[in-house]
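Comments concern the structure below.
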Amino acid sequence: MLKTGKDHIASLRDGREVYIDGRKVADVTTHPAYRNAVRSTGRLFDFHSAPENRALMTFAAPDSGVVANRIWQLPGSYAELVERRKALEAWTELHGGFMGRAPDHVASCIAGMYMGLEVFEAYDARRARALADYYAYARDNDLYLTYVIINPQADRSKSAAQQKSEFLAAGVVDRDRDGITVRGAKMLATGGIMANEVLVTVIQPLQPGEEKYAYSFAIPMNSKGLKILSRKSYEAAAGSVFDNPLSSRFDENDAVLYFDDVKVPWDRVFVVDNVEMCQKQFHATPAHVYQNYQAMIRLSVKLRFLIGLARRIADINGIVGFPQVRETLGQLAAEVGMVDALVACMEVKGSQRGRYFVPHTHTLYAAQTLTQQLYPKVMTTLRELAGGGMIMLPSSVEDFRNPELASLIEKTQQSPAANAVDKVKFYKLAWDAVGSEFASRHTQYEMFYAGATFVTKGHSFRSYDWAGAERALGLMLEGYSLADEVPELAAAPAA
């Protein structure tokens with residue numbers, strides 16, 4: 001059943017073990033490190049459950065008839081894929097793309113795995129049944145999932161089994177008729193503070209002999225023995241929404257999860273003891289493409305927001321008429337338009353996979369490769385356009401409470417396109433998007449959420465139509481020869 005924001009927020013008061021600043025958090029929904037981000041998540045659920053948004057945001061599950069969020073939809077055609085994308089765009093606009101692990105991301109991953117259910121069935125019919133049942137359960141109960149699919153960095157020159165501690169990376173320590181027991185750490189539970197459940201697996205290649213780290217399962221965030229170790233909260237340091245409009249509301253947080261002998265029942269286990277299947281669940285099914293297609297939809301919305309900042313900076317500073325500024329804005333517009341075009345191309349070039357219509361693989365990986373390079377470039381361009389405008393701002397909203405300071409702000413924060421309050425409001429937003437600690441985290445996130453650049457370039461290499469390129473090259477080479485210009489060579493016997 002569709003949840004409201006109130007329903008979702010209530011579901012987070014479940015006794016989960018969250019730790020920050022040396023203390024256990026009693027209630028993530030009221031704690032100053034998380035409460036506004038929790039409310040922002042609640043707003044997503046209010047939006048999709050509102051009667052006026054039902055047609056856009058929901059579909060009837062074909063097997064159960066339950067009205068579900070389109071994040072769980074399994075498109076059977078190009079038209080349905082586009083319909084789902086429009087819902088994801090509308091949701092993303094509520095947070096400007098700054099919640100990278102909003103509920104639509106991991107839902108896309110689970111849905112993609114389900115689209116490739118035959119891969120799981122070829123591996124183990126019981127594990128396939130567990131996945132199918134879980135997909136339906138998560139969909140019908142409107143769950144918010146995060147995931148942890150990376151092992152702790154530690155010594156990256158060594159495999160999981162070669163680290164100093166056998167269970168630094170979470171591994172299966174025991175099993176019985178009821179399920180498996182897991183011990184160790186996983187990262188990076190972005191959004192985990194606000195999620196209902198977590199998908200736990202590994203996307204990094206494992207070696208033979210590392211089967212204890214080769215699993216895939218989903219459990220509630222309040223599972224016994226699961227400890228959630230929060231990073232520093234940017235929200236906690238954001239004194240007011242006016243001064244920190246993004247970090248005060250959209251800091252989804254990141255966390256390390258430590259599994260202190262967590263018991264996972266068999267009906268929640270999708271893969272166990274199988275190194276090959278851990279890779280197949282992502283790359284032999286549509287999961288990896290489908291989840292990252294969602295990420296590119298989110299990023300396209302975010303880039304539209306950022307180019308809006310760029311144009312407003314030019315207007316606020318009165319420089320939009322400068323030829324070099326218009327050239328800069330034109331370049332940004334072309335690059336952001338390229339991302340929109342790549343998203344559309346993923347859909348247009350998509351193909352049928354059995355009953356399902358999935359985005360085009362190489363276009364997705366091309367977009368990821370290019371946008372990893374584009375995002376920091378956009379950040380630099382925004383800094384260049386703004387100059388000191390994002391720095392020389394009133395210290396806080398409190399300055400406006402002082403009549404003398406408010407008068408000086410009115411005199412010093414002048415603009416041909418806005419009054420002093422609106423100029424300060426805008427540049428506070430711009431700084432939070434570009435220069436704050438929150439913004440720096442987002443630059444790091446957009447550069448690495450899909451993996452290091454060699455990983456995305458490797459996906460692009462692996463998925464490109466090299467045979468088509470070879471045919472094009474061969475056709476050209478076949479169109480001429482040396483013998484055409486030196487006939488005697490054609491008559492000479494072959495060596």
Side-chain angles (χ1 to χ4, degrees), residues 2-3 5 8 36-50 52-59 68-73 75 80-112 142-147 190-191 194-195 245-253 289-309 335-344 346-347 359 364 367-368 371-372 374-375 378 429 432-433 438-439 441-443 445-446 449-450:
L2 288 175
K3 290 189 295 191
H8 180 68
N36 289 341
V38 167
R39 291 188 191 114
S40 294
T41 304
R43 187 182 174 205
L44 296 177
F45 287 95
D46 280 335
F47 183 85
H48 85 148
S49 62
E52 64 270 23
N53 296 325
R54 290 286 181 93
L56 171 66
M57 295 300 302
T58 67
F59 74 109
N69 192 317
R70 285 196 192 277
I71 65 177
W72 298 101
Q73 188 173 6
E80 288 184 357
L81 187 67
V82 171
E83 192 174 37
R84 180 180 181 271
R85 185 247 299 160
K86 290 178 179 178
L88 268 57
E89 286 179 325
W91 237 26
T92 302
E93 286 171 354
L94 298 178
H95 54 81
F98 283 92
M99 299 183 79
R101 288 293 180 268
D104 43 341
H105 184 73
V106 181
S108 298
C109 175
I110 297 290
D142 211 5
L143 295 187
Y144 175 0
L145 275 76
T146 185
Y147 61 22
T190 302
M194 302 167 289
L246 300 175
S247 53
S248 65
R249 296 182 294 163
F250 305 123
D251 181 19
E252 62 190 338
N253 209 274
V289 168
Y290 208 51
Q291 72 188 49
N292 286 299
Y293 163 64
Q294 177 279 331
M296 293 310 306
I297 293 169
R298 177 197 58 79
L299 184 57
S300 69
V301 172
K302 189 177 186 181
L303 288 170
R304 287 199 290 272
F305 164 78
L306 292 173
I307 198 174
L309 285 182
E335 290 166 337
V336 173
M338 174 193 71
V339 177
D340 282 342
L342 286 168
V343 171
M346 292 174 214
E347 298 165 350
L364 177 276
Q368 283 196 310
T371 54
Q372 280 183 314
L374 176 60
Y375 195 87
V378 170
L429 173 63
D432 216 12
F438 171 85
R441 178 264 180 196
H442 271 267
T443 300
Y445 179 86
E446 300 296 358
Y449 79 86

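Reckoned from all heavy atoms, side chains included, excluding hydrogens, waters and symmetry mates.
Under the 3.5 Å distance criterion, the side-chain polar atoms of W72 are left unmatched by any main-chain donor or acceptor of A107. Using a distance-only test at 3.5 Å, with no hydrogens or angles considered, a donor-acceptor pair links the side chain of H8 to the main chain of M194. Under the 3.5 Å distance criterion, the side-chain polar atoms of Q291 are left unmatched by any main-chain donor or acceptor of G112. Distance alone, capped at 3.5 Å, places no donor-acceptor pair between the R70 side chain and the L88 backbone. Checked by atom type and distance alone, the side chain of T146 never pairs as donor or acceptor with a backbone atom of G191 at under 3.5 Å.
Using a 4.5 Å heavy-atom threshold, the side chains of L303 and L374 count as touching. In this structure, the side chains of R85 and V82 come closer than 4.5 Å at one or more pairs of heavy atoms. By the 4.5 Å heavy-atom criterion applied to side chains, L94 and F250 are not counted as neighbours. A heavy-atom distance below 4.5 Å is found between the side chains of Y290 and P75. Here the side chains of M346 and V289 are not in contact, with every heavy-atom distance at 4.5 Å or above. Here the side chains of V301 and R298 are not in contact, with every heavy-atom distance at 4.5 Å or above.
Here the OG atom belonging to S248 is positioned 7.0 Å from the CG atom belonging to D432, to the nearest 0.5 angstrom. Here CG of N69 is found 8.0 Å from OG1 of T58. Values are rounded to the nearest 0.5 Å. Within the model, atoms CG of N292 and SG of C109 stand 9.0 Å from one another, a figure rounded to the nearest 0.5 Å. The line from CD1 of I71 to CZ of F59 is 9.5 Å long, rounded to the nearest 0.5 Å. Here CD of Q294 is found 10.5 Å from CG of L299. Values are rounded to the nearest 0.5 Å. The structure places CE of M296 at 7.5 Å from CG of L364, a figure rounded to the nearest 0.5 Å.
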Could you please spell out the steps behind the side chain to side chain contact (heavy atoms under 4.5 Å, CB included) verdict for I297 and D104?
-> CA-CA 11 Å; I297 293 169; D104 43 341; over 6 Å; no
Side chain to side chain contact (heavy atoms under 4.5 Å, CB included) assessment of R39 paired with N36 = CA-CA 5 Å; R39 291 188 191 114; N36 289 341; 2.6 Å; yes
Could you walk me through whether R84 and E80 pass salt bridge (charged side-chain N to carboxylate O under 4.0 Å, His left out), step by step?
-> CA-CA 6 Å; R84 180 180 181 271; E80 288 184 357; over 6 Å; no
Please test F98 against E252 for side chain to side chain contact (heavy atoms under 4.5 Å, CB included), starting from the C-alpha separation and ending with a verdict.
-> CA-CA 8 Å; F98 283 92; E252 62 190 338; over 6 Å; no
Derivation and outcome, side chain to side chain contact (heavy atoms under 4.5 Å, CB included), residues F305 and H95 | CA-CA 10 Å; F305 164 78; H95 54 81; over 6 Å; no
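Of all non-hydrogen atoms in P103 and L44, the two that sit nearest each other are CD-CD1, 3.9 Å. Heavy atoms only, all atoms of each residue included: M99 and A37 are closest at CE-O, 4.3 Å. Listed here is the closest heavy atom pair of L56 and A87: O-CB, 3.3 Å.
Between the side chains of S247 and R441, no donor-acceptor pair is found at a separation under 3.5 Å. A donor-acceptor pair shorter than 3.5 Å can be found between the side chains of Y147 and H105.
With R101 as the partner, the side-chain hydrogen bond (donor to acceptor under 3.5 Å, both in side chains) test is satisfied by one option alone out of Y445, Y144, Y449: Y445.
Aromatic ring pairs are classed by plane angle as parallel below 30°, tilted from 30° to 60° and perpendicular above 60°; the pair H48 and F45 is perpendicular.
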